[in-house]
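Since the model is a prediction, treat every value here as computed from it, not as a measurement. Just so you know, residue 1 is the first one in the sequence shown, and it goes up from there.
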Amino acid sequence: MKTIIFDVDDTLYDQALSFHETFKSLIKSSWSYNEIDTIYRTSRKYSEILFDQSEAGEISVLEWQIGRIAKALADYGIQINDEQALAFHESYKQAQANIRLFPEVEELLNHLAQLDVQLAILTNGEESHQLMKIKQLELTNWIPEENIFVSGTYGIAKPKSGIFKIVEKKLNCDPKQTVYVGDSFEKDIVGAKQVGWKAVWINHRKHEQAPNSTISPDKVVYSAAELFKFFRARIN
């Protein structure tokens, strides 16, 4: 492994915590962790669908951002209007200003930074919003700014092979020696494998692999701690 490239959301930090905080503040403070987490998972499903539509120019970025929460809540009998959905989105975004790396991810980055390994970021999303999270996570302590790639900057997003090829060219990396780490099977694992990279699926939410998929990750880990152990055992 000569190059290791990371996704950001729900890979390097727990994205659900900001959602839980916002839900309790604006929707229902009495709901349990598991009840809210079920809605969070549903919101991520809608986020993936609507993000693809926004990338295709079928809906606006704002329609994606507010639609994912409105549709998820509606599935559980909670109806909100566009104004309320926008308030949720803005509060959610503010909560993300307090995100922190998984402790084991910070350990891993410290470990890798001492070795002869090229580190990079490839994340889907709107440029300024993703860069805000990257700044909050202080990722430039380990990863040079020129090695940070946001899909919104290029107008093409994972899992399309084009964005992976852009990164490959700019990093001048050998695909056979490149590993991508992400939480989404459809966006991260499929995207990386189709361009010949190795792929590590950090599946801490225990998602099912896409049925009938001909693509499999090279490794599945179920926590940041497992991810650290995996790389520490292979790169010294």
Side-chain angles (χ1 to χ4, degrees), residues 1-18 37 44 96 98-125 130-131 133-150 158-159 163-164 167-210 213 215-236:
M1 302 177 194
K2 296 297 184 182
T3 301
I4 302 175
I5 305 171
F6 296 94
D7 175 44
V8 174
D9 296 318
D10 240 17
T11 295
L12 302 183
Y13 75 99
D14 187 348
Q15 191 175 30
L17 295 180
S18 300
D37 210 55
R44 297 306 304 160
Q96 288 179 325
N98 298 314
I99 57 177
R100 295 287 183 272
L101 293 172
F102 288 121
E104 298 88 351
V105 164
E106 186 167 353
E107 284 187 78
L108 173 61
L109 291 172
N110 284 331
H111 176 69
L112 294 175
Q114 299 175 48
L115 306 175
D116 184 22
V117 180
Q118 180 174 221
L119 301 178
I121 292 290
L122 170 58
T123 177
N124 273 359
Q130 293 306 100
L131 290 178
K133 288 185 277 190
I134 286 165
K135 181 179 180 181
Q136 175 61 27
L137 294 170
E138 300 182 325
L139 289 173
T140 53
N141 286 344
W142 303 276
I143 300 170
E145 288 185 6
E146 61 269 23
N147 287 10
I148 293 174
F149 303 91
V150 181
K158 302 178 294 182
I163 189 63
F164 290 89
V167 173
E168 187 178 298
K169 182 177 180 180
K170 287 184 176 291
L171 295 178
N172 192 28
C173 56
D174 178 355
K176 293 181 180 179
Q177 293 292 324
T178 299
V179 182
Y180 189 71
V181 181
D183 70 295
S184 169
F185 181 84
E186 293 79 9
K187 302 293 185 185
D188 300 328
I189 306 309
V190 172
K193 294 297 290 183
Q194 70 183 350
V195 294
W197 298 2
K198 296 187 184 302
V200 176
W201 188 15
I202 179 165
N203 187 18
H204 59 97
R205 301 211 180 275
K206 308 296 193 298
H207 293 302
E208 295 293 329
Q209 184 169 321
S213 175
I215 291 175
S216 295
D218 294 280
K219 177 67 177 179
V220 182
V221 296
Y222 295 95
S223 68
E226 281 189 48
L227 184 69
F228 180 39
K229 290 178 182 178
F230 170 75
F231 280 115
R232 187 174 59 182
R234 286 159 179 79
I235 306 178
N236 293 292

Do N141 and L109 pass the side chain to side chain contact (heavy atoms under 4.5 Å, CB included) test, and can you show the C-alpha distance, the side-chain angles, and the key distance before you say yes or no?
-> CA-CA 9 Å; N141 286 344; L109 291 172; over 6 Å; no

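Judged purely by atom type and a 3.5 angstrom limit, Q194 uses its side chain to pair as donor or acceptor with the backbone of P159.
Counting heavy atoms from C-beta outward, E168 and T178 have side chains that stay 4.5 Å or more apart. Side-chain contact between I148 and T140 is present, with at least one heavy-atom pair separated by less than 4.5 Å. Side-chain atoms of I235 and I4, non-hydrogen and from C-beta on, do get closer than 4.5 Å to each other. The closest side-chain heavy-atom distance from W201 to D188 is not below 4.5 Å. Between K219 and K198 there is no side-chain heavy-atom pair separated by less than 4.5 Å. Taking the side chain as every heavy atom from C-beta outward, Q209 and P217 approach each other to under 4.5 Å.
One finds the CD atom of Q130 at 10.5 Å from the CG atom of L122 (value rounded to the nearest 0.5 Å). Note that the CD1 atom of I99 and the CG atom of L12 stand 9.0 Å from one another [nearest 0.5 Å]. In this structure, CE on M1 lies 12.0 Å from CG on L115, to the nearest 0.5 angstrom. Put simply, CG on L139 and CD1 on I121 are 5.0 Å apart, with the number rounded to the nearest 0.5 Å. The CD1 atom of I202 sits 13.0 Å away from atom OG of S184, with the distance rounded to the nearest 0.5 Å. To the nearest 0.5 Å, the span separating NE2 on H207 from CZ on F185 amounts to 12.5 Å.
With sequence neighbours excluded, no residue satisfies ring pair (Phe, Tyr, Trp, His ring centres under 6.0 Å) with Y13. Residues that satisfy the salt bridge (charged side-chain N to carboxylate O under 4.0 Å, His left out) test with D218, not counting sequence neighbours, are K193. Taking the ring pair (Phe, Tyr, Trp, His ring centres under 6.0 Å) definition, one finds that F164 meets it with Y180, W197, sequence neighbours left out.
Closest approach of A16 and D37 over heavy atoms only: CB-OD1, 3.9 Å. The minimum heavy-atom distance between C173 and Q118, with the atom names listed, is CB-NE2, 4.2 Å. For A224 against V105, the heavy-atom pair with the smallest separation is CB-CG2, 4.0 Å. Looking at every heavy atom in both residues, L108 comes nearest to F231 through CD1-CB, 3.7 Å. The two residues V150 and G125 have their closest heavy-atom pair at CG1-O, 3.4 Å. Annotation for L101 and L137: closest pair N-CD2, 3.6 Å, computed over non-hydrogen atoms.
Within a 6.0 Å sphere centred on CD of E208, other residues, nucleotides and ligands contribute 12 heavy atoms or fewer. Within a 6.0 Å radius of CG in D116, other residues, nucleotides and ligands contribute 12 heavy atoms or fewer.
Applying the salt bridge (Lys or Arg N to Asp or Glu O under 4.0 Å) test to every pair with at least one member in residues 225-236, sequence neighbours left out, gives no pairs at all. Pairs engaging residues 4-13 under the salt bridge (Lys or Arg N to Asp or Glu O under 4.0 Å) rule: D7-K158, D9-K133, D10-R205 [sequence neighbours left out]. Note on residues 104-114: pairs passing side-chain hydrogen bond (donor to acceptor under 3.5 Å, both in side chains), not counting sequence neighbours, are N110-W142.
A side-chain contact (heavy atoms from CB on, under 4.5 Å) with I5 holds for exactly one of L171, N147, V179, T123; it is L171.
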